[in-house]
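Heavy-atom basis, side chains included; hydrogens, waters and symmetry copies ignored. Below, chain A is the first sequence line, B the second, and so on; all start at residue 1.
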Number of protein chains: 2
Amino acid sequence: MSESQNTRALAPRRHGEILRRLAADGTVSITALADFFDVSRQTIRRDLKHLADRGQLDLVHGGATLFEPTEAAFTERREENAGAKAAIGRTAADLVRDGMVVFLDSGTTTLAVAQALIERKNLTICTTSLSIALLMCRQPLVRVHMLGGEIDPVEEAAVGIDALEAISHFRVDVAFLGGGGLSPDGEVTDFTRSGAEQRSRMAALAGKAYFVLDSSKFGRLTPLRIPRFELAAGVIVDRRPPEAICEALERKGPSLIVST
Amino acid sequence: MSESQNTRALAPRRHGEILRRLAADGTVSITALADFFDVSRQTIRRDLKHLADRGQLDLVHGGATLFEPTEAAFTERREENAGAKAAIGRTAADLVRDGMVVFLDSGTTTLAVAQALIERKNLTICTTSLSIALLMCRQPLVRVHMLGGEIDPVEEAAVGIDALEAISHFRVDVAFLGGGGLSPDGEVTDFTRSGAEQRSRMAALAGKAYFVLDSSKFGRLTPLRIPRFELAAGVIVDRRPPEAICEALERKGPSLIVST
DNA sequence: CAAATATGTTGCAAAATGTAATTATTATTT
DNA sequence: AAATAATAATTACATTTTGCAACATATTTG
């Protein structure tokens with residue numbers, strides 16, 4: 001285009017302005033931002049993805065919103081990528097046979113796994129998630145153990161020292177765990193220290209542990225590495241991640257399972 | 001493409017505004033919303049349907065109203081003594097002050113207590129009930145501790161040895177406990193051995209313990225006496241039981257509290 | 001009660017947005 | 001200044017959202 005005005009800004013400057021607008025209005029629109037900075041929408045998308053990977057905002061169709069840990073956030077998250085999560089759930093359920101002891105982590109993807117597991121018989125379910133416990137205890141032929149502890153209102157699940165200790169009492173055949181992101185170097189990462197520690201213990205404890213991650217988490221860089229995550233048997237995703245991630249992951253040990 | 005006149009709001013922003021208006025006015029009109037956001041009525045209808053699917057509002061002809069669990073209220077009405085339970089809940093809540101640590105047993109009557117407690121601030125709730133934990137963790141200014149254990153599918157609550165042990169870790173100001181019946185000789189009884197034991201421990205542990213029993217339980221004879229039930233501070237009921245029961249109860253110690 | 005008006009529903013087309021791969025530009029390093 | 005890496009733009013195509021129009025249903029009005 002003709003000579004662009006000097007309004008063009010470097011990435012850090014854009015990021016600052018984006019967050020400022022977000023704080024002021026609650027939402028930002030990709031088109032409006034691209035127009036304002038006089039850059040392509042692609043660039044703005046990259047900016048938003050970058051910020052979202054750091055948990056500073058939530059991506060939505062057409063822009064982004066404040067990252068709000070509210071009740072609405074949980075019910076909304078359940079609908080994001082619903083198809084992908086259901087597919088992951090079915091693939092996960094294929095790894096479970098009647099009569100097994102299954103651990104289910106909190107999260108919307110693991111909730112999808114729980115839904116798929118309703119088909120199985122005589123399962124014993126261990127979980128920290130209130131929703132999963134409630135869902136599964138209403139099914140016939142399922143025993144449910146709820147791990148106690150302080151309830152995190154964002155996850156609607158037990159966290160903290162009590163939950164951590166309760167985990168060690170169980171012997172489980174297979175565990176399905178969530179995660180905050182799948183980093184470029186093939187590691188599953190998390191948002192909080194306690195969450196990472198909790199998942200780490202489960203991965204170590206279960207006969208086989210699988211992380212379930214939908215594709216929106218690919219390349220996302222959340223602050224905490226999940227210790228000893230290599231002990232996991234595999235990572236279940238809804239489609240094949242970028243090649244670099246695949247290679248890094250397989251080098252570390254866990255196999256990559258892509259749901260069909 | 002030509003420059004877009006894009007001051008148009010993102011879907012989540014519309015959703016937020018719709019809910020805000022709903023909270024303020026009690027109703028919203030499709031025409032008014034379509035006009036305000038400068039989008040078609042279909043779009044607003046889709047928004048409202050989306051929100052209705054998540055239980056955040058009720059659709060009505062021409063718009064939407066605040067979500068009233070009318071269906072729930074109806075089925076509750078069908079359930080015996082819904083009004084009685086609500087009254088007991090209010091009376092129980094009067095015994096609780098902001099900032100207290102409250103234990104809530106499982107059961108429909110204690111759920112009514114939980115509902116009445118939403119008014120209070122800075123409570124810490126300990127419970128074995130999945131429904132109560134889920135309800136309360138969605139309220140602001142409430143901390144929730146879920147006691148873990150095997151889930152009884154009838155009560156939808158934790159029972160068994162884990163729950164029993166978890167109880168002893170807590171110091172609670174006041175406990176509200178359910179019961180299977182109020183026997184003719186003024187004792188609270190229960191259906192199961194483990195339930196009786198659990199309630200007994202809670203009654204012993206809490207600063208003040210109250211049994212909450214609606215009038216359908218008067219004179220009912222269930223198999224198990226709750227040990228040391230006399231340690232309870234009181235029994236809350238929705239109307240005065242037969243004179244014989246009253247006398248027997250007060251002779252044992254707990255006071256009788258009739259909700260108004 | 002019936003006509004008039006407003007609202008709900010459906011299928012489909014258009015517009016906007018998302019994604020990925022490739023090319024161009026800018027910055028950094030040597 | 002040339003080589004290299006990082007960032008952004010462009011393009012092409014899939015997906016989602018929105019708007020439109022025709023018709024069915026409900027509500028209001030006389």
Is the closest side-chain heavy-atom distance between [X] and [Y] below 4.5 Å?
X       : Y       : value
S106(A) : Q198(A) : no
I226(A) : E187(A) : no
P254(A) : F211(A) : no

Would you kindly give the [atom1]-to-[atom2] distance between [X] and [N], to the nearest whole Å?
X      : N       : atom1 : atom2 : result
H61(B) : dT27(D) : NE2   : C1'   : 6 Å
D47(B) : dG8(C)  : CG    : P     : 14 Å
R45(A) : dT17(C) : CZ    : P     : 8 Å
H15(B) : dT17(D) : NE2   : P     : 10 Å
I44(B) : dT18(D) : CD1   : P     : 9 Å
R41(B) : dA26(D) : CZ    : C1'   : 16 Å
K49(B) : dT7(C)  : NZ    : C1'   : 17 Å
H50(A) : dA8(D)  : NE2   : P     : 10 Å

Should [X] be listed as having a side-chain N or O under 4.0 Å from OP1 or OP2 of [N]?
X       : N       : answer
R240(A) : dA20(C) : no
S40(A)  : dA9(D)  : yes
T43(B)  : dT17(D) : no
R46(B)  : dT10(C) : no

Identify whether the distance between the nearest side-chain nitrogen and carboxylate oxygen of [X] and [Y] falls below 4.0 Å.
X       : Y       : value
D94(A)  : R90(A)  : no
R13(B)  : E17(B)  : no
R199(A) : D105(A) : yes
R225(A) : E230(A) : yes

**Message:** Using a 6.0 Å distance limit plus a 45 degree cone around the ring axis, check whether R21(B) lies over the aromatic ring of F36(B).
**Reply:** yes

One would report the end-axis bend of the helix from dC1(C)-dG30(D) to dT30(C)-dA1(D), five pairs per end and rounded to 10 degrees, as 50°

Evaluate whether atom CD1 of I161(A) has more than 12 neighbouring non-hydrogen atoms of other residues, nucleotides or ligands under 6.0 angstrom away. no

Within residues 26-36 of chain B, the residues having a heavy atom closer than 4.0 Å to DNA chain C are I30(B), T31(B)

Closest of dA21(D), dT16(D), dG8(C) to the Q42(B) side chain is dA21(D)

